[in-house]
Protein chains: 2
Amino acid sequence: MTSVEEPARPGERIRDAARTRAEILDVATQEFARAGYDGARVDEIAARTRTTKRMIYYYFGGKEQLFTAVLERAYGVIRRAEQQLDVDHLDPVAAIRRLAELTFDHHEQHPDFIRLVSIENIHEAHHIAGSEKLGKIGSPALDVIRRILASGQESGLFTADVDAVDLHAMISSFCFFRVSNRHTFGALFGRDLLDPAQRAHYRTMLGDMVIAYLTAERAAD
Amino acid sequence: MTSVEEPARPGERIRDAARTRAEILDVATQEFARAGYDGARVDEIAARTRTTKRMIYYYFGGKEQLFTAVLERAYGVIRRAEQQLDVDHLDPVAAIRRLAELTFDHHEQHPDFIRLVSIENIHEAHHIAGSEKLGKIGSPALDVIRRILASGQESGLFTADVDAVDLHAMISSFCFFRVSNRHTFGALFGRDLLDPAQRAHYRTMLGDMVIAYLTAERAAD
DNA sequence: TCAGCAATGTACGAACCAGTACGTTAGCTA
DNA sequence: TAGCTAACGTACTGGTTCGTACATTGCTGA
């Protein structure tokens, strides 16, 4: 998440539309992720920027549109991370593991993003549905998965006729759950899924799971 | 004043503490699941029961305690379902698949429960932490997993030295994500993970994934 | 250099909402 | 059957919160 940090010259009124807008987005991301859509306070967001509530309405129109803008930027971040993935030089097994690890790392490093997505699901993806941007962004990861799967299936390394979207769901579910359900899981089972000491263990476990699924023999679907 | 359209019985003031309490819990479950903790309205819950807001405070003390009571009951339901699981007569592979399918089915049949857990995670499991009941309930599913794993590892069917809590996390993540992230996943990838036509497919996929992981050969951890 | 607009600040209002003060009644029991 | 109390209803309040009317200032182009 890009952060805007410029020396604030106190007393002076500085005009910088881009900076003001970006700063509002930064703080709003934190506040929405912290408290959920209804729990978030517009006044609180305003108080934590160098500008006022008036500017939130000036730039975004309202709380609802602000949340949509926050979502759009958060999805943009992960999409860009996925675009930088380069696995064409790897064999299918290594490539899939690499992709899974990128997802694992990104989710772990962006808990706010996970919370925003959870919140958006509570609201039944209403904001995504109403967003021009989010409606038509594809997933670079999905294209990568498709290529790897085709290659792996062609060479006979992967036994299953697995669908790319399904595999993406499988990888995402593990990575997402680990972050999204950290607190209830920890409270009920006494294990912190984000314990740094366990990080490598779960990262390996994810890769093992996916590879085992892709290479296991089983009855046709 | 007599009203023609007024039903004979519901107009009367009936006293039934247990029924009133249960009705409040029912409606509160729906309302919290629908709108989240902060989005839920105590007035709305009251309006949809046959009693008044006063009774919510009379029986539960406040919104916060009401939500905790809702969570306690929701967790009680899944705990009881898990207790009825009987897989001792099955071989380890079939037993694990059966357990995974029970989780799959329960999550699918209780989307409100999934939403409540998502909401509780947004609030960092604060209510679970403050609940006597929820703090110390174990998970019957976990005991079952432990027994099956021990049996499977002893007989050599399962190659890996897999931990029960980890396996529970793996199974839960897939089942939970399918319901919790249905809306954003559907909006972004155009696929409804709860499409009835795909139900058997995903149910099989889950079992295949878990069995593949448990039986695959791999380097020691 | 100054007009005009983009950008910003202040103060306020109307609606909402959790929680409560106070009054009432059903049904049990002595 | 009187009286007691758990169970219930009504009406209100105090604080909160989204949103806006109105005022102001910095920047830029003609």
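Below, all heavy atoms of this structure are taken into account, side chains as well, without hydrogens, waters or symmetry copies. Here the structure is a predicted model, which means the values were calculated and not measured. A note on names: the letters A, B, ... follow the listed sequences, proteins ahead of strands, and every chain is numbered from 1.
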Asks: Please report whether the ring centroid of Phe177(B) lies less than 6.0 Å from that of Phe174(A).
Replies: no

Asks: Taking atom P of dA18(C) as reference, at what distance in whole Å does atom OH of Tyr58(B) sit?
Replies: 22 Å

Asks: If you take the centroid of each ring, where Trp contributes its six-membered ring, are Tyr37(B) and Phe32(B) closer together than 6.0 Å?
Replies: yes

Asks: So Ala40(A), base contact, sugar-phosphate only, or nothing? Heavy-atom distance under 4.0 Å.
Replies: sugar-phosphate

Asks: What is the distance, to the nearest angstrom, from the CD atom on Gln65(A) to the P atom on dC18(D)?
Replies: 14 Å

Asks: Can you tell me which nucleotide in dT8(C), dC18(D), dG19(C) comes closest to the side chain of Thr20(A)?
Replies: dT8(C)

Asks: Which comes earlier along DNA chain D counting from the 5' end, the contact point of Gly62(A) or that of Thr51(B), where each point is its nearest nucleotide?
Replies: Thr51(B)

Asks: Specify the separation, in whole Å, of atom CG of Asp16(A) and atom P of dA7(C).
Replies: 10 Å

Asks: With the threshold set at 4.0 Å, does a side-chain nitrogen-carboxylate oxygen contact exist between Glu31(B) and Arg41(B)?
Replies: no

Asks: Roughly how many Å is it from CE in Met55(A) to P in dG26(D), rounded to a whole number?
Replies: 14 Å

Asks: Specify the separation, in whole Å, of atom CG of Asp43(B) and atom P of dC12(D).
Replies: 15 Å

Asks: For Arg41(A), answer base if it contacts any base atom (sugar-phosphate contacts may also be present), sugar-phosphate if it contacts only those atoms, and nothing otherwise; contact means non-hydrogen atoms under 4.0 Å.
Replies: sugar-phosphate

Asks: Once you measure the plane-to-plane angle for His123(B) and His127(B), does it fall in the parallel (<30°), tilted (30-60°) or perpendicular (>60°) bin?
Replies: perpendicular

Asks: Choose from dA18(C), dA7(D), dA21(D) the nucleotide whose nearest atom is closest to any side-chain atom of Lys53(B).
Replies: dA18(C)

Asks: Got a donor-acceptor pair under 3.5 Å from the side chain of Lys63(A) to the base of dG19(D)?
Replies: no

Asks: Report the distance from atom CZ of Phe67(B) to atom C1' of dG19(C), rounded to the nearest whole Å.
Replies: 19 Å

Asks: Nearest whole angstrom, please: distance from the C1' of dT20(D) to the CD1 of Ile56(A).
Replies: 14 Å

Asks: For Ala40(B), is there any backbone N or O sitting under 3.5 Å from a side-chain donor or acceptor partner on Lys63(B)?
Replies: yes

Asks: Can you check the Tyr59(A) OH to dG19(D) C1' distance for me, whole Å?
Replies: 18 Å

